[in-house]
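So the structure is just underneath, and the comments pick up after that.
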Protein chains: 2
Amino acid sequence: MGEFDLIARYFTRPTPRAALGVGDDCALLQPKPGTQLAISSDMLVEDRHFFSDADPFALGHKALAVNLSDLAACAATPLAFTLALALPRADDAWLAPFSRGLLALADAHGCELIGGDTTQGPLNICITVFGEVPVIRGKSQALLRAGARAGDEVYVSGTLGDARLALDALRGRLKLPAGVLAQARQRLERPEPRVALGQALRGVASAAIDVSDGLLGDLRHILQASGVGATIDTSIAMNLLAASAHPDWAEGIISLENQLTCVLAGGDDYELAFTAPAAARAAVQAAARQAGTPVTRIGHITAAPGLQLMDQQGNALTGNFSSFDHFA
Amino acid sequence: MGEFDLIARYFTRPTPRAALGVGDDCALLQPKPGTQLAISSDMLVEDRHFFSDADPFALGHKALAVNLSDLAACAATPLAFTLALALPRADDAWLAPFSRGLLALADAHGCELIGGDTTQGPLNICITVFGEVPVIRGKSQALLRAGARAGDEVYVSGTLGDARLALDALRGRLKLPAGVLAQARQRLERPEPRVALGQALRGVASAAIDVSDGLLGDLRHILQASGVGATIDTSIAMNLLAASAHPDWAEGIISLENQLTCVLAGGDDYELAFTAPAAARAAVQAAARQAGTPVTRIGHITAAPGLQLMDQQGNALTGNFSSFDHFA
């Protein structure tokens, strides 16, 4: 199978919304008047972002999911994406399920594959995704990192830490009951980008980011961009580990400190962390209901810089919850 | 040096034209009303697209040049690009010249680096580039592959085959005089995308493609998309090898058949192959002058499908001039 057969067989699809899809030197998009185009790129590398024996269907899903998650964090509506793929060889047993996983998620979000590149090389998946953000009376509705203000409240969507828990178990660093591992592994391999929530938070949230490197590290990007600090209630955050609510979970499977590390610094969560004014509490909950995604208030923004962790009694916690850095 | 320092040090620049550049979950572009966005992605892999000891400045240049070449082939004006980079390690001695080569070409074309990704992994450079194409009275001014008509004439810009000649010499398959190799190597390592020519050909050319895999293979994409054939005069094409005009060139350095193979199937040329009606000859030459890029008429489009090669006497040539396929 040659390069062009490969593209035709697995990656060429009708693109009714794009002006031109796969098959020319460029794809063409014609954004609606009064909109901005939101653009994000993510690259997934074998042994770094996934195991070499990873299920290709799940990998196709995840490669697009992590990109859609960036659109979600900007409150953008997905439009289209390009796929650049380096493959050791053109292998139907891998390409067929990979493209099915990729395109199933694309279809679920109305996101069209409009172009890309294929080449021979160590497995590398690079997706660039395009979304649409309305501009209303000259003001972009994109949610940025820089909008948090003192007094705002801090929220996260869904659950946190289970992807890290699964990763630690798969690496043999801890043992989990089979049912717990299966559930956690689903979070690691099949993250669901919070696209509907991002859009529902337009005009409600003041700042947002997607949690990819770990909650605290990603939250720090909001604090830095906004020039503020935050206080986080760890007794609430702690319970965001979905595994700890699983029927087969038992105390002592991991230490409480490790549980907190999974939640605060786990990474690979693809939830949204966001801030909103205290007056917007009801609007935040309405957005969460509309999107079908629960959100939890875990703290508040302070004028003083820095990130404070508090326990249930309001005492400051110390601890080194570093987030993921590809070159640290 | 961590991931965020690396991005800040080498890849964060002012982006006066983009609504939002590097540093949030997405970048934001606001296309001008009445324009389409042209989008293309190219991935460069070590040992496949470049030698592992490649000069990083030249590599930065080339990684963007091959993408700009796709914009040129669609007659788009460069706007912005994203860079996804997998690196074995964060190494200043490599990153500094790489980013200088990349951004020098970006500046020359007013193309802003607006986002991307960095990760640890085998060296892989994936760029997605964005350009603008006007839409006039509802008609896109993009040059596509599908517009060639019987009777149109076939042109190529600049010179062809020197990149392949240099590659063969660097791989030890042939010996070249030092001056010839230096000139040919420049074509391999520092291709100049024909961006000005592409734009000048709006409304003049009927179809276009950039020559990346080899003239004949790329021309076949135009023929296939347009449902036509072509006849190419090899006695004209043959002289497009710039090396053959070098003062140190001598007959017998390579066989005439190999010379023709370099020109017709060499690849890595990043010239434009395009078609235009016979009535547009003067307009084509005016566009070439305006862009400062010479173009050569090498044949014509036929209603009958297939690609015929003719020698100076008008006799049909046979020969297997396959172009590059990453998985063949």
Side-chain angles (χ1 to χ4, degrees), chain A residues 1-4 6 19-20 23-31 33 36-43 45-49 70-71 73-74 76 82-86 89-90 114-122 124 126 128 130-131 133 135 140 142 144-145 208-210 225 325-328, chain B residues 1-4 6 19-20 23-31 33 36-43 45-49 70-71 73-74 76 82-86 89-90 114-122 124 126 128 130-131 133 135 140 142 144-145 208-210 225 325-328:
Chain A
M1 174 168 47
E3 179 179 359
F4 301 108
L6 187 163
L20 186 71
D24 215 293
D25 293 280
C26 294
L28 295 172
L29 278 186
Q30 189 150 359
Q36 285 179 331
L37 207 69
I39 298 167
S40 185
S41 283
D42 267 305
M43 185 178 255
V45 177
E46 189 172 39
D47 294 329
R48 188 79 191 172
H49 300 92
D70 284 314
L71 290 186
C74 280
T82 59
L83 167 69
L85 191 58
R89 67 208 144 273
I114 56 168
D117 193 17
T118 53
T119 184
Q120 206 263 331
N124 182 308
C126 181
T128 303
F130 310 102
V133 180
V135 178
S140 169
L144 303 184
R145 298 178 180 179
I209 192 169
D210 77 316
D325 182 319
H326 281 288
F327 293 100
Chain B
M1 175 167 46
E3 179 180 359
F4 301 107
L6 187 163
L20 185 72
D24 215 293
D25 293 280
C26 294
L28 296 172
L29 278 186
Q30 188 149 0
Q36 285 179 331
L37 207 69
I39 299 167
S40 186
S41 283
D42 267 306
M43 184 180 256
V45 177
E46 189 172 39
D47 295 328
R48 189 80 190 172
H49 299 93
D70 285 312
L71 290 186
C74 281
T82 58
L83 167 70
L85 192 57
R89 67 208 144 274
I114 55 168
D117 193 16
T118 52
T119 183
Q120 208 263 330
N124 183 308
C126 181
T128 303
F130 311 100
V133 180
V135 178
S140 171
L144 303 185
R145 298 178 181 179
I209 191 169
D210 77 315
D325 182 319
H326 282 287
F327 293 100

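Just so we're on the same page: letters track the sequence lines, and every chain starts at 1. Only heavy atoms go into these numbers, but all of them, side chains included; no hydrogens, no water, no symmetry mates. The shown structure was predicted, so the numbers you read here are calculated from the model rather than taken from an experiment.
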Write down the atom of [X], the atom of [Y], and the distance for their closest heavy-atom approach.
X      : Y      : value
A:D70  : B:C26  : O-SG, 3.3 Å
A:I209 : B:D25  : CA-OD2, 3.4 Å
B:D117 : A:S41  : CB-O, 3.5 Å
A:A19  : B:Q36  : CB-NE2, 3.4 Å
A:D24  : B:R145 : OD2-N, 2.9 Å

Honestly, the part of A:A142 sitting under 4.5 Å from a heavy atom of chain B is side chain
Proximity breakdown for A:A225 and chain B, heavy-atom pairs closer than 4.5 Å
neither
Counting heavy-atom pairs closer than 4.5 Å to chain B, which one of A:L29, A:V45, A:V133 comes out on top?
A:L29
Say you draw a straight line from [atom1] of [X] to [atom2] of [Y]; how long is it, rounded to the nearest 0.5 Å?
X      : Y      : atom1 : atom2 : answer
B:C74  : A:L28  : SG    : CG    : 6.0 Å
B:T119 : A:R48  : OG1   : CZ    : 5.5 Å
A:L85  : B:C126 : CG    : SG    : 10.0 Å

With a 4.5 angstrom heavy-atom cut-off, is it the side chain or the backbone of [X] that approaches chain A, or both, or neither?
X     : result
B:L83 : neither
B:A76 : neither
B:A84 : both

Step-by-step side-chain contact (heavy atoms from CB on, under 4.5 Å) determination, A:I39 to B:F130:
CA-CA 10 Å; A:I39 298 167; B:F130 311 100; 3.6 Å; yes
Comparing B:V135, B:N124, B:D47 against chain A, the one with the most heavy-atom pairs below 4.5 Å turns out to be B:N124
Between chain A and each of B:G115, B:P31, B:P33, count heavy-atom pairs under 4.5 Å; write down the option with the most.
B:P31
